[in-house]
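Any value given below was found using the heavy atoms of this structure, including those in side chains, with hydrogens, waters and symmetry copies removed. Treat the numbers as computed from the prediction; the structure is a model and nothing was measured.
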Amino acid sequence: RNAIDQAGWRALGDIFEGLAGDGSSRAVILTGSGGHFSAGADIGEFATTRHDAATTAVYERDVLRAEAALEHMPKPTLAAVSGYAMGGGCGLALCCDFRIADRSARFGIPAARLGVVYALEECRALLNAVGLANAKRILFTGEWIDADEALRIGLVQELSELDALRAALAFAQRMVENAPLSIQGAKLALDSVASGQAAAAAVRELMLKASESDDYAEGARAFVAKRKPKFVGR
């Protein structure tokens, strides 16, 4: 069920950081194989990788690096969720801009059942997605919720009756034809407000960069000509 060991977290960090700088992609979809998104961290290795304060600090550093690289990706990110998205798997889905699920999806964070305290960054992502009371319910009970409940509380943005990955691809298609710099700027501004971290200078820099971009000129030309613009990301 795609449990993630410590080496897996490190590999995910490398992958996400590489995708952030990949100019050939307009959006990133994260999904799992075998009918499940991810059952979360590989708890079976905790006895060696997370057995005291020192090893826990190293382990959490690897997890948070991967999650931060995904969360701060300068392009749209989507989690296509089928089956289990538990613990660290749910955490990864929460780091995406959007979560698209099918009817088989099950979400949960059983930290309280394992004696684990969830990191501040991970709590913030959950809180931003579902609100305070629902975040507390998920963390305090450790119980899983089904796809319908996830949609109701805002954990999921779209629920597919058929296939989560196909639905995520269709969802992403509505964004990838738009100007990448516009999306990057909007994501940076909204995420900075949501996290309480000021990024005014960085947002203004992107605003000025966009005003001199080829895409800005192309958007204006296409609007006047009443045709579909062809954005190139610069």
Could you walk me through whether D62 and R65 pass side-chain contact (heavy atoms from CB on, under 4.5 Å), step by step?
CA-CA 5 Å; D62 293 334; R65 173 186 166 237; 5.7 Å; no

Report the C-alpha separation of H36 and V81 in whole Å, then their side-chain angles, then the decisive distance to 0.1 Å, and conclude whether the side-chain contact (heavy atoms from CB on, under 4.5 Å) test is met.
CA-CA 7 Å; H36 292 283; V81 182; over 6 Å; no

Apply salt bridge (Lys or Arg N to Asp or Glu O under 4.0 Å) to E67 and R124, showing your working.
CA-CA 12 Å; E67 292 179 340; R124 175 179 52 78; over 6 Å; no

Please walk me through it: do V130 and R137 pass side-chain contact (heavy atoms from CB on, under 4.5 Å)?
CA-CA 10 Å; V130 302; R137 173 168 61 116; over 6 Å; no

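The pair R61-E121 does not meet the salt-bridge criterion, since no charged nitrogen lies less than 4.0 angstrom from a carboxylate oxygen. Taking a cutoff of 4.0 Å between a charged side-chain nitrogen and a carboxylate oxygen, R50 and E45 do not qualify as a salt bridge. Ion pairing between a basic and an acidic side chain is recognised when a charged N comes within 4.0 Å of a carboxylate O; E177 and K230 show no such pairing.
Residues D5 and T49 have side chains not in contact (no heavy-atom distance under 4.5 Å, counting atoms from C-beta outward). Contact check for L92 versus F16: side-chain heavy atoms found under the 4.5 Å cut-off. The closest side-chain heavy-atom distance from K75 to R26 is not below 4.5 Å. Within the 4.5 Å cutoff, no side-chain heavy atoms of F107 are placed close to those of M86. Taking the side chain as every heavy atom from C-beta outward, F98 and F171 approach each other to under 4.5 Å. For the pair L126/I138, a side-chain contact is recorded, criterion being any heavy-atom separation below 4.5 Å from C-beta on. Put simply, the side chain of R99 does not reach to within 4.5 Å of the side chain of L78, judged on heavy atoms. With a 4.5 Å cut-off on side-chain heavy atoms, R152 and D148 do not count as touching.
Nearest approach of A147 to R106, heavy atoms of both residues: N-NH1, 4.1 Å. Nearest approach of I4 to G8, heavy atoms of both residues: CG2-C, 3.8 Å. Here the closest heavy-atom approach between residue S82 and residue A164 is recorded as OG-CB, 3.7 Å. Of all the heavy atoms in A69 and G13, the pair that sits closest is CB-O, 4.3 Å. Here the closest non-hydrogen pair linking G83 and S104 is N-OG, 3.0 Å. A pairwise comparison of heavy atoms in Y118 and A111 identifies CD1-CB, 4.4 Å as the closest pair.
Rounded to the nearest 0.5 Å, atoms NE2 (H51) and OG1 (T55) are 4.0 Å apart. Within the model, atoms CG of N128 and CD of E71 stand 8.5 Å from one another, a figure rounded to the nearest 0.5 Å. Taken to the nearest 0.5 Å, the SG atom of C123 stands 11.0 Å off from the NZ atom of K136.
By the criterion of side-chain heavy atoms lying less than 4.5 angstrom apart, applied directly or through intervening Ile, Leu, Val, Met, Phe, Trp or Tyr residues, L12 is grouped together with L19 in one hydrophobic cluster. At a threshold of 4.5 Å between side-chain heavy atoms, the hydrophobic network of Ile, Leu, Val, Met, Phe, Trp and Tyr places I43 and Y59 in one connected group. If you chain together hydrophobic residues whose side chains sit under 4.5 Å apart, I29 and V176 never meet in one group. Neither I183 nor L70 shares a network with the other; the hydrophobic side chains, linked directly or stepwise wherever heavy atoms of I, L, V, M, F, W or Y lie under 4.5 Å apart, form separate groups for each. The hydrophobic cluster containing F46 also contains V63, counting ILVMFWY residues as joined when their side-chain heavy atoms lie under 4.5 angstrom apart, directly or transitively.
Heavy atoms of other residues, nucleotides or ligands lying less than 6.0 angstrom from CZ of R166 number 12 at most.
Checking side-chain atoms of N2 against main-chain N and O of S33 turns up a donor-acceptor pair under 3.5 Å. Within the 3.5 Å criterion, the main-chain N or O of D146 finds no donor-acceptor partner in the side chain of E149. In terms of modelled atom types and a separation under 3.5 Å, the side chain of K187 and the main chain of H72 share no donor-acceptor contact. Between the S38 side chain and the A85 main chain, no donor and acceptor come within less than 3.5 Å of each other.
Just one residue in the list V116, L114, T141, L139 forms a side-chain contact (heavy atoms from CB on, under 4.5 Å) with I109, and that residue is L139. Under the side-chain contact (heavy atoms from CB on, under 4.5 Å) test applied with L165, the options D102, I100, T31 reduce to a single match, T31.
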